[in-house]
2 protein chains.
Amino acid sequence: MAARERFAHYGYPKTTIAELAKDCAMSPGNIYRFFKGKIDIAVEIARREALSAVEVLESVLACPHRSSRQRLEEVIFADLRHTYHLLENQPKTVELAQVVVAERPQFQIESLRRERRLFQRILHEGVACGELMTDSVPATTIALHAMTLKYRYPQIFTKQSLEELERELAHVLSLVMRGLVVPKEGAPIPATQIPEEDASLTLR
Amino acid sequence: MAARERFAHYGYPKTTIAELAKDCAMSPGNIYRFFKGKIDIAVEIARREALSAVEVLESVLACPHRSSRQRLEEVIFADLRHTYHLLENQPKTVELAQVVVAERPQFQIESLRRERRLFQRILHEGVACGELMTDSVPATTIALHAMTLKYRYPQIFTKQSLEELERELAHVLSLVMRGLVVPKEGAPIPATQIPEEDASLTLR
DNA sequence: CGAATGAATATTTTGTTGATTATTCACCCC
DNA sequence: GGGGTGAATAATCAACAAAATATTCATTCG
């Protein structure tokens, strides 16, 4: 359904079923053979959006020559940048997401769960190869996810710039990594560096 | 102005200046000799509320026989419990706070700053007595504050119970303390225990 | 004259109505 | 008969009027 452009351009409430039907060369009534209601169209669009965003993040896992710490950090930074740019450049898409979450709370829960699973996978890997240490991977996953919540919903509380948020996130990660990373032969655990903005991770 | 009861009972929008004036045995016009507008009355109430809340938290600092870690943890837990109970039992007070923040964003910024200062004081102390270690107290303060943001605005994103939030917070603190606490003679850093709910810290 | 009033005015909220839009469904076409 | 239509109906939104309320200020009071 390429008519998601309409939502992105005119916004969810201002887009009518009649218009959508016309785009698809259908009658309004026929739309309801594919979707139970208008909101379900939005849900489907948001679902694809969310899946593709996670897929992009997963590409970080595929990169070789990266420590688990780096992977974790890059995923979290990429996430911050992605939602930040969305908020700035695609306000209508954000509005769509808000409508979906308001109407279908389950949607958000599942999105967050997907993201946590990504964290958990990286943590597992890191523990398995002796790079990270933790008593309990699931508990640490939840903690890590909760600690970085602010960077998943930036600009909701504070109106900070991306640069400020990145600097702050670097401090947060430095602190948490000191309790997570296995030190190398007495050397202190280095502070987190803000990674390069990777076009392939933030584009769209 | 004891007529704050009205806001707490009927809510900010449903309380009229005329009622407030009657409570004070005044004419409506005379209120404006004391407050610039209706919102300023709410600001004053919220300000006192916020100050007394911080004062209560500061009483934790006065307690002897407590490590810096314990103090930090107790302040954060007390904060979570305080706002959680407020949200449950005093919805009108929370509404008041939201109105104030919406109208006067500066108010929230200053409340957060006060709280951060409290964190910073504890951190300083801990570093001074060799109990905690960090490169930079200010940076760590900001990081700690950001990491615990979820527990300062509970139930806004998720609808978790207080018990869940406390368990989660304990994991978060365990993780961060491993990077913050100076280990004692090779012994591992213990996990965070959920402190007793101290009536003097959560009452009202 | 400063403190206070309360009627006058400005602003915000509430309620109502008409129009727009979502959804259903009896009916048509291939 | 399955896939589709579009008029009929229900739900929602937008615009406007009426009512309630915040704020001002000329006037009074002590």
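Only heavy atoms go into these numbers, but all of them, side chains included; no hydrogens, no water, no symmetry mates. A note on names: the letters A, B, ... follow the listed sequences, proteins ahead of strands, and every chain is numbered from 1. All of these numbers come straight from a predicted model, not from anything done at the bench.
Comparing atom distances between the Pro28(B) side chain and each of dG6(C), dA14(D), dA22(C) picks out dG6(C) as nearest. Side-chain proximity of Lys38(A) to dT5(D), dT23(C), dT5(C): nearest is dT23(C).
Between Phe119(A) and His145(A), the angle of the ring planes goes over 60°, which puts this pair in the perpendicular group of the 30/60° scheme.
Rounded to an integer number of Å, the gap from CD1 of Ile17(B) to P of dT11(C) is 16 Å. Rounding to whole angstrom units, OH of residue Tyr12(B) and P of dT21(D) are separated by 14 Å. Note: CZ (Arg6(A)) to P (dA22(C)) measures 12 Å, nearest angstrom. With rounding to whole Å, Tyr32(B) atom OH is found 18 Å from dA3(C) atom C1'. Remark: P of dC28(C) and CZ of Arg33(A) are 19 Å apart, rounded to the nearest angstrom. When rounded to the nearest whole Å, the span between CZ of Phe34(A) and C1' of dG3(D) equals 9 Å. Straight-line distance from the CG atom of Leu20(A) to the C1' atom of dT23(C): 14 Å, rounded to whole Å. Computed from coordinates, the Ile31(A) CD1 to dG3(D) C1' distance equals 14 Å when rounded to whole Å.
When all heavy atoms are compared, the tightest approach of Ala53(B) to His82(B) is CB-CE1, 3.9 Å.
Map Lys14(A) and Ser27(B) each onto its nearest nucleotide of DNA chain C; the residue landing nearer the 5' end is Ser27(B).
Put simply, Lys36(B) has no side-chain N or O that comes within less than 4.0 Å of OP1 or OP2 on dA22(D).
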Checklist entry - What's the verdict on salt bridge (charged side-chain N to carboxylate O under 4.0 Å, His left out) for Arg48(B) and Glu44(B), showing C-alpha distance, side-chain angles and the deciding distance? => result CA-CA 6 Å; Arg48(B) 292 187 191 187; Glu44(B) 178 58 22; 3.0 Å; yes
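Of the N and O atoms on the side chains of Ser68(A) and Glu125(A), not one donor lies less than 3.5 Å from an acceptor on the other residue.
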